[in-house]
2 protein chains.
Amino acid sequence: MKVREMATIEDVARMAGVSIATVSRAIHHPGKVAETTRKKVNAAIAKTGFTANAMAQSLRSKSSKMILAMVPDISNTFFANILLGLEAVATRRGYGLLIGNTENDPQTEATYLTYTRSNKADGIVLMTGHLPFGAAEVRQHLPPIVAACEEICEESVPFVGVDNQHGARTAVHHLVELGHRRIAYISGPPNNILSSERRAGYELALRQSGLTVDPELTLDGDFSIEGGRLAVERLFIRDALPTAFFCANDDMAIGVLLALSQRGYNVPGDFSVIGFDDIPFSSCTTPPLTTIRQPRRLIGEAAMTKMLDMVEGKPVRTGAVILPVELIIRGSTGAPREIDRESD
Amino acid sequence: MKVREMATIEDVARMAGVSIATVSRAIHHPGKVAETTRKKVNAAIAKTGFTANAMAQSLRSKSSKMILAMVPDISNTFFANILLGLEAVATRRGYGLLIGNTENDPQTEATYLTYTRSNKADGIVLMTGHLPFGAAEVRQHLPPIVAACEEICEESVPFVGVDNQHGARTAVHHLVELGHRRIAYISGPPNNILSSERRAGYELALRQSGLTVDPELTLDGDFSIEGGRLAVERLFIRDALPTAFFCANDDMAIGVLLALSQRGYNVPGDFSVIGFDDIPFSSCTTPPLTTIRQPRRLIGEAAMTKMLDMVEGKPVRTGAVILPVELIIRGSTGAPREIDRESD
DNA sequence: GGAAATTATGTAAACGTTTTCATTTTTGAT
DNA sequence: ATCAAAAATGAAAACGTTTACATAATTTCC
């Protein structure tokens, strides 16, 4: 695969019989160059197949036109959909998207952080819930940063996401309205911001409905299917069972569904289950999952819009952009059985 | 967010009292620089917080240390897992991964193709099944390319994937061994290479088992859940039903499962269903999906290994790398009912 | 102790752009 | 026709590296 040398701006200039400055101008400021020369230049560009060397451009202009998205796990469909939104507006505005999969590994985070220091990226969209490892040491050199989905509490980083507490309240109110009185909360990792915000919403909704918060009914998970499954197992060795489960995300709700069905229970006959996120698959479970939908694509779009505004020096409203959630009622929630299960 | 100017190699050189050439050498060829100066340089690097400007490096060295992965849809978990494999070895070998989501849009493909022409990437891993739009025009400038998952037929592009025909045969033989005689094939898009390879395997397996290929039982889908669902609907307006479904991927198998359950059928009691890929979610359906597992992560790793070997000019075995598939038996396949459904 | 070989360092060119500034050409007004 | 202003172009510097080559310092060997 022998590759002929790429044409440079100089080749174009020579062929068009002008200086390289004129070629550059013909490309970037066509208004500043005479009609006739512009045509000559364009012809030369076409003939040589010239494509500008992006490295030289970035070096000179000190902007790579790239944005780094740091995400804990690309294979998680929730994040994947956000990425789609990020990519859409980046592309539309002439930027490229660099995806950094961190797996929450500090070393990896630190590596990706250097992408901005080395000018590979102009800014970072964080979906990890925390500043990348190593950010503290270089605070004075921090690039433009926007947090999506998971707010970064310690810092004043612009945020785009949803009102998690409100979403959780909506979910729990839905269950209460169906008649549930004993509702379990399957949490994400205990130190996670989403876990606690959704928990706050859960507890608030219970109190607003005149119900008491039973700490026995809150179980820590880890946002994974397996975590949901295990939570059910742990719950079932106790005597006081709930009639409904509010899960901090859909993956765990799916795990709950699986565990329940494995134990021979019917959903929503015996238990109701509600999730959070509305990942694509949640409509394919048996029964289809009732959940709180996050406008993932919009979150991505809004986050990237804010990012690029920052990068391009436009005035950007500091503070959070909160997008609305939506209750999606499917088949996994229903009225509880009449009989009081606690009396068994 | 005022940002202090980044330190350059010159700052380091000045602080260490050496020339910039020595600094560069101390970094890249530490053996070529005296112990004592190396220490001075390292101290200066630490003090200034120097990080080399990657754009300048790439410009000078004509290598961006970036690989572009072109994929039709990041939010597809199948591809996401491949990306994980690609990223793992790229990172390990000091490269970054650029992800280009094409949605099979020619315009987008062409845009991403310029990434290599403009030196933003050193090579392309293609998961789209075809050369990017615009590749024909610049054939003489084509970068190193590796195809993963979907072979590119017209061209002699190195390929990493599985033996799709063999996988399909394995799936169909499994159904035949369970006693099925009328097996439907739910295909992907008709012009897709995976569709046809798997179809070939399906037909071969039937013939090997002494069964005839009934064209009525092959239905075109589109690799989506909805596509699987629709295929079932189309099939059910005919009279001659199958007892089992071999689906060209898991998504369609999930659609089939859904459609069947919606019509009140039991799987595997009334019908058996088998998929292809073993996406993470396929163990969460009701019943859990029997399928052909592709070693996704390995495919990604092998593809990136081949890619980097090419980029770095190492000798690379041309031709395909074929990784083994595995039959994963779960709950969606079983023996057909004794009664012959055709006699209804 | 001195020449030869080796090792360490510095100088400067090159990578391919963009942009400032100076210069030339064109336009328009008189 | 002349001149001023405006428009178009070119020359050259700058962006921050890496590296070939030249030179200086050190070691080795007799």
Side-chain angles (χ1 to χ4, degrees), chain A residues 3 5-42 44-45 48-66 94 114-120 122 141, chain B residues 3 5-42 44-45 48-66 94 114-120 122 141:
Chain A
V3 175
E5 273 305 303
M6 276 293 286
T8 76
I9 199 174
E10 206 175 330
D11 300 324
V12 176
R14 195 173 319 118
M15 177 172 295
V18 298
S19 75
I20 63 171
T22 300
V23 174
S24 179
R25 272 188 296 253
I27 295 170
H28 300 289
H29 313 285
K32 292 210 168 306
V33 72
E35 170 79 12
T36 63
T37 38
R38 201 186 323 143
K39 274 185 184 156
K40 280 190 295 182
V41 169
N42 287 335
I45 288 176
T48 55
F50 169 72
T51 303
N53 182 315
M55 300 302 122
Q57 292 182 309
S58 298
L59 174 59
R60 172 62 219 229
S61 61
K62 290 171 175 290
S63 151
S64 62
K65 294 279 203 170
M66 285 278 160
T114 66
Y115 272 40
T116 49
R117 306 200 70 216
S118 69
N119 252 284
K120 274 183 180 171
D122 297 340
H141 295 293
Chain B
V3 176
E5 274 305 304
M6 278 290 287
T8 76
I9 199 174
E10 205 174 332
D11 300 325
V12 175
R14 196 173 317 119
M15 177 173 295
V18 298
S19 75
I20 61 171
T22 301
V23 174
S24 179
R25 273 187 295 253
I27 295 169
H28 300 288
H29 314 285
K32 293 210 168 305
V33 72
E35 170 80 13
T36 63
T37 38
R38 202 186 324 143
K39 275 185 183 154
K40 280 189 296 182
V41 170
N42 287 334
I45 288 176
T48 55
F50 169 72
T51 304
N53 182 314
M55 299 303 120
Q57 291 183 309
S58 298
L59 174 59
R60 172 63 219 226
S61 60
K62 291 171 175 287
S63 150
S64 62
K65 292 279 203 171
M66 285 279 159
T114 66
Y115 273 39
T116 49
R117 293 178 54 85
S118 69
N119 252 287
K120 275 183 179 172
D122 297 339
H141 295 294

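Order of the sequence lines fixes the chain letters, A, B, ..., with proteins taken first and strands second; residue numbering starts at 1 for each chain. Just so it is clear, the model here is predicted, and its values are computed rather than measured.
Phosphate proximity of dT18(D) to Q57(B): present, with a side-chain N or O under 4.0 Å from OP1 or OP2. At the phosphate of dC15(D), neither OP1 nor OP2 sits under 4.0 Å from any side-chain N or O atom of S61(A). For dA14(D), the OP1/OP2 oxygens have no side-chain nitrogen or oxygen of K62(A) closer than 4.0 Å.
At a threshold of 4.5 Å between non-hydrogen side-chain atoms, the residues K120(B) and S64(B) do not count as touching.
For S24(A), the side chain to side chain contact (heavy atoms under 4.5 Å, CB included) criterion is met by I9(A), H28(A), not counting sequence neighbours.
K32(A) places its NZ atom 14 Å from the C1' atom of dT18(C), with the value rounded to the nearest Å. Here the C1' atom of nucleotide dT17(D) and the CD1 atom of I45(B) are 13 Å apart, to the nearest Å. Distance E10(A) CD to dA14(C) P: 11 Å, rounded to the nearest Å.
A residue-by-residue look at L59(A) and E35(B) shows that E35(B) has its nearest nucleotide of DNA chain C further toward the 5' end.
Checking dA14(D), dT9(D), dT9(C) against every side-chain atom of R60(A), the shortest atom distance belongs to dA14(D).
Rounded to 10 degrees, the angle separating the terminal axes of the helix from dG1(C)-dC30(D) to dT30(C)-dA1(D) is 30°, with each axis obtained from five end pairs.
The stretch residues 19-29 of chain A touches DNA chain C through I20(A), A21(A), S24(A), R25(A), H28(A), H29(A), each having a heavy atom under 4.0 angstrom from the strand.
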